[in-house]
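Take a look at the structure below.
The structure displayed is predicted, hence computed values, not measured ones.
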Number of protein chains: 2
Amino acid sequence: MVTKTKSQPKREPLSRERVLAAAIEVADEGGIEALTMRGLAEHLGVEAMSLYYHVANKEAIFDGVVDAIVAEIGEEIGGFEVPEKVDDWQAEIRRRILGARAVIMRHKWAPEVIESRTIIAPTVMFYMHGLLGVMIEGGFDYDLGHHAMHALGSRALGFSQELFEPEPGQEQEVEQDLEELIEHLPYIVGMMEVIQHDDPEDTVGWCDDETEFRFALDIILDGLEARRQALPTT
Amino acid sequence: MVTKTKSQPKREPLSRERVLAAAIEVADEGGIEALTMRGLAEHLGVEAMSLYYHVANKEAIFDGVVDAIVAEIGEEIGGFEVPEKVDDWQAEIRRRILGARAVIMRHKWAPEVIESRTIIAPTVMFYMHGLLGVMIEGGFDYDLGHHAMHALGSRALGFSQELFEPEPGQEQEVEQDLEELIEHLPYIVGMMEVIQHDDPEDTVGWCDDETEFRFALDIILDGLEARRQALPTT
DNA sequence: ACCTGAACACCGTTCAAGT
DNA sequence: ACCTGAACACCGTTCAAGT
């Protein structure tokens, strides 16, 4: 073994992979707004300008991060390959989407980054292609498959926009002027009472995200199945 | 009439309302990234710092803009009042949501701003309250109503995240390396061929957003109706 | 080949000062 | 009461220069 040991190398050189991995670390720790070129460089023990040798710009970092997240989804669900025979398309689609969701839950900032891409990432395309393939082999025609992709939307990747949900870390402050709201929002108040009654533990974060996600997902999958069964058999 | 006409006033004074109206104008014209404090001030013929006399900061502008958009939705659908008797909850919900969508279509940057709010705007709360009220009066119990609000998510306000859709102005460039994609993405390619066959006019923007939005909305409404009918009658 | 210092053009925002 | 100039702390990025 010929190794040059002349003075221990202080750090291994940068690379696109290390930059992207660090970017995910920084976002995991401090959220997406913590991911700045200068902050990322500091996290790597390097100057901000050094990053530009390995990535074109910040957008390229976002692109690479999305690729990495989708790759993690691929590991989670065992690849995007479409099986030759699909007996239960609903089960297979649900398995993939809930797997994607598990990954997204580890990187809660990811939806915002994914949505911010103007051109669809090739890896995302491969993921969606897998979903579409499962549906086609499961009895969809292409037209219904197309509708299905749109109906799922971002839910295909395991997330959905919740208008009632605050950002992680910033809990909703419902208490504040609840007094005056009660008379103007009787239905909301009534709903909250029922929900809190069902689950008295939950005080502030009064919704079970996982349950709600599955509820909506099942509605969509059921609706698609009904329309699949209505297809003319050729 | 005693009016002081000593030298024509060059411009009417600023106000919170004028700032917010101008903010919407700027975003309508140049997108949300064009909405900067300096740019907004220039649009108003004023210095950037003057804005801070009327709004606390940029976040407050975003908050106000969301309020204004929801107010516009209110005008579009004739208010958020819940009728005492709801015969066809699906029709009423669909009417409100498609009205909201019409407004969002005029302000395509609005979804991003709405999603960026960490605390739910009071006006948004009123809008959602109206939807919930229609459902309750239409035969939902509070638990199903709660599920429904989550299942609709941002679709309640007339938009949904389309992973395949590029930002307005930046068309998807599918042509680029389509050659190599064909062999890896047979299902996507097959789907595109069928879709283009159905609608040969559409070359690049190959999806009818309105149709897809209604398709997904109907699936959700149908699913909710099925679950409503399954409720125990009390 | 890989990293850096200095500089640029842009942000949002504060604060004391103008009228 | 309403607006402004100067300044600050932060961005992403370019470019010539270092090793």
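- If you take CG of B:Leu51 and P of D:dG5, they are 14 Å apart, rounded to a whole angstrom.
- Between the C1' atom of C:dG12 and the CD1 atom of B:Ile61 lies a distance of 10 Å, rounded to the nearest Å.
- Using a 4.5 Å heavy-atom threshold, the side chains of B:Met105 and B:Phe213 count as separate.
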Worksheet entry | Stepwise side chain to side chain contact (heavy atoms under 4.5 Å, CB included) check, A:Val26 with A:Trp109 | CA-CA 11 Å; A:Val26 170; A:Trp109 45 269; over 6 Å; no
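- Remark: side-chain polar atoms of B:Ser154 are paired, donor with acceptor, to backbone N or O of B:Phe159 under 3.5 angstrom.
- The existence of a salt bridge linking B:Arg214 and B:Glu210 is confirmed by a sub-4.0 Å separation between a basic side-chain nitrogen and an acidic carboxylate oxygen.
- With hydrogens and angles left out, the side-chain atoms of B:Glu72 and B:His107 include a donor and acceptor closer than 3.5 Å.
- Each of A:Glu47 and B:Arg38 was matched to the nucleotide of DNA chain C holding its nearest heavy atom; the match closer to the 5' end belongs to A:Glu47.
- Under the Watson-Crick or G-U wobble criterion, with both distances below 3.5 Å, D:dA7 is paired with C:dT13.
- D:dC10 atom P lies 18 Å from atom NZ of B:Lys58, rounded to whole Å.
- Rounded to an integer number of Å, the gap from CG of A:Leu44 to P of C:dC3 is 10 Å.
- Note on B:His54: a side-chain N or O is less than 4.0 Å away from OP1 or OP2 of D:dC3.
- For A:Met37, taking side-chain heavy atoms from C-beta onward, the closest of the listed nucleotides D:dT13, C:dT4, D:dC3 is D:dT13.
- Following rounding to the nearest Å, A:Leu40 (CG) and D:dT13 (P) show an atom-to-atom distance of 12 Å.
- Atom CG in B:Leu35 sits roughly 12 Å away from atom C1' in C:dG12 (whole-Å rounding).
- Taking the side chain as every heavy atom from C-beta outward, B:Leu217 and B:Leu98 approach each other to under 4.5 Å.
- When distances are taken from the side chain of A:Thr36 to each of C:dC3, D:dC3, D:dG12, the shortest belongs to D:dG12.
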Between the protein and nucleotides 14-19 of chain C, which nitrogen or oxygen pairs are less than 3.5 angstrom apart?
none

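- In this structure, the side chains of A:Arg106 and A:Glu76 come closer than 4.5 Å at one or more pairs of heavy atoms.
- The nearest whole Å value for the distance from the CD atom in B:Glu33 to the P atom in C:dC10 is 15 Å.
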